[in-house]
Novice: 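Dropping a structure here in structure tokens format, bear with me for questions.
These numbers were taken from a predicted model, which means no experiment stands behind them. Position 1 is the first residue of the sequence; numbering continues from there.
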Amino acid sequence: MPTPKVDGHWYGYRPSERTRQRIRERDQGICQGCGAPGTDVAHIIPWPEGNHADANLRLLCASCNLRERRRWGKGREGDPPPSHVQSIG
């Protein structure tokens with residue numbers, strides 16, 4: 001189900017718990033952005049432009065997820081700055 005609109009904007013889509021668990025297992029609990037422990041299942045191509053298939057989902061830490069939301073213009077006013085900005089690979 002979609003996250004409610006705030007100020008006229010959709011701020012994301014929350015996959016089902018079953019889907020989130022499957023992605024956490026697939027990504028072995030590791031943030032796919034920086035290698036830290038992962039906390040958030042996030043879209044690679046943001047919703048609603050991207051679909052909700054497993055191939056479009058990945059596990060990120062909160063900081064990398066915030067960075068990605070900002071990159072796609074999905075950040076919210078009052079979001080804290082990312083605690084780190086690094087990538088692996």
Side-chain angles (χ1 to χ4, degrees):
M1 115 180 305
T3 303
K5 276 190 172 185
V6 177
D7 299 325
H9 295 92
W10 291 105
Y11 281 102
Y13 169 85
R14 185 169 173 88
S16 71
E17 178 57 37
R18 180 180 290 182
T19 299
R20 291 192 311 271
Q21 183 60 37
R22 192 170 54 246
I23 300 304
R24 283 191 291 268
E25 289 173 5
R26 181 197 69 196
D27 292 346
Q28 300 177 346
I30 303 296
C31 173
Q32 300 302 292
C34 72
T39 57
D40 303 337
V41 173
H43 290 83
I44 296 169
I45 299 172
W47 184 85
E49 293 85 16
N51 62 35
H52 314 307
D54 287 6
N56 190 43
L57 298 170
R58 62 182 170 174
L59 190 62
L60 296 175
C61 67
S63 183
C64 285
N65 192 18
L66 176 60
R67 183 185 62 206
E68 287 296 303
R69 285 199 329 255
R70 285 184 172 156
R71 178 177 156 216
W72 291 103
K74 307 275 185 186
R76 294 174 230 166
E77 186 176 333
D79 277 343
S83 62
H84 65 282
V85 179
Q86 61 184 20
S87 62
I88 56 174

Novice: Quick one: OG on S63 to CD on E68, what's the gap to the nearest 0.5 Å?
Specialist: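 Reported to 0.5 Å precision, the distance equals 10.5 Å.
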Novice: Looking at every heavy atom in both C61 and C31, which two are closest together, and how far apart are they?
Specialist: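 So the minimum-distance heavy-atom pair works out to N-SG, 3.1 Å.
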Novice: If the condition is side chain to side chain donor-acceptor pair (under 3.5 Å), which residues does D54 pass it with, not counting sequence neighbours?
Specialist: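 Scan of D54 (side chain to side chain donor-acceptor pair (under 3.5 Å), adjacent residues dropped) gives R22.
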Novice: For the residue pair P15 and L57, establish whether any side-chain heavy-atom pair is separated by less than 4.5 Å.
Specialist: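 They are in contact (side-chain heavy atoms under 4.5 Å apart), so the answer is yes.
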Novice: Checking E17 now: which residues fulfil side chain to side chain donor-acceptor pair (under 3.5 Å) with it, not counting sequence neighbours?
Specialist: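 Partners of E17 under the side chain to side chain donor-acceptor pair (under 3.5 Å) test: R20, R24.
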Novice: To the nearest 0.5 Å, tell me how far N65 CG sits from Q32 CD.
Specialist: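 With rounding to 0.5 Å, CG (N65) is 13.0 Å from CD (Q32).
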Novice: Output yes when a side-chain donor or acceptor of N56 lies under 3.5 Å from a complementary backbone atom of I45, and no otherwise.
Specialist: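 Flag set: sc N56 to bb I45 pair under 3.5 Å.
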Novice: For R26, what residues pass the salt bridge (charged side-chain N to carboxylate O under 4.0 Å, His left out) criterion, not counting sequence neighbours?
Specialist: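 In terms of salt bridge (charged side-chain N to carboxylate O under 4.0 Å, His left out), with neighbours along the sequence ignored, R26 is linked to no residue.
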Novice: Determine the minimum heavy-atom distance between I44 and A55, stating which atoms define it.
Specialist: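 In terms of heavy atoms, the two residues are closest at CD1-O, 3.5 Å.
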Novice: Between D27 and L59 (side chain of the first, backbone of the second, donor and acceptor by atom type, cut-off under 3.5 Å), is there such a pair?
Specialist: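 Looks like yes, one N/O pair under 3.5 Å.
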Novice: How many angstroms lie between atom OG of S16 and atom CD of Q21, to the nearest 0.5 angstrom?
Specialist: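 So the gap between those two atoms works out to 10.5 Å.
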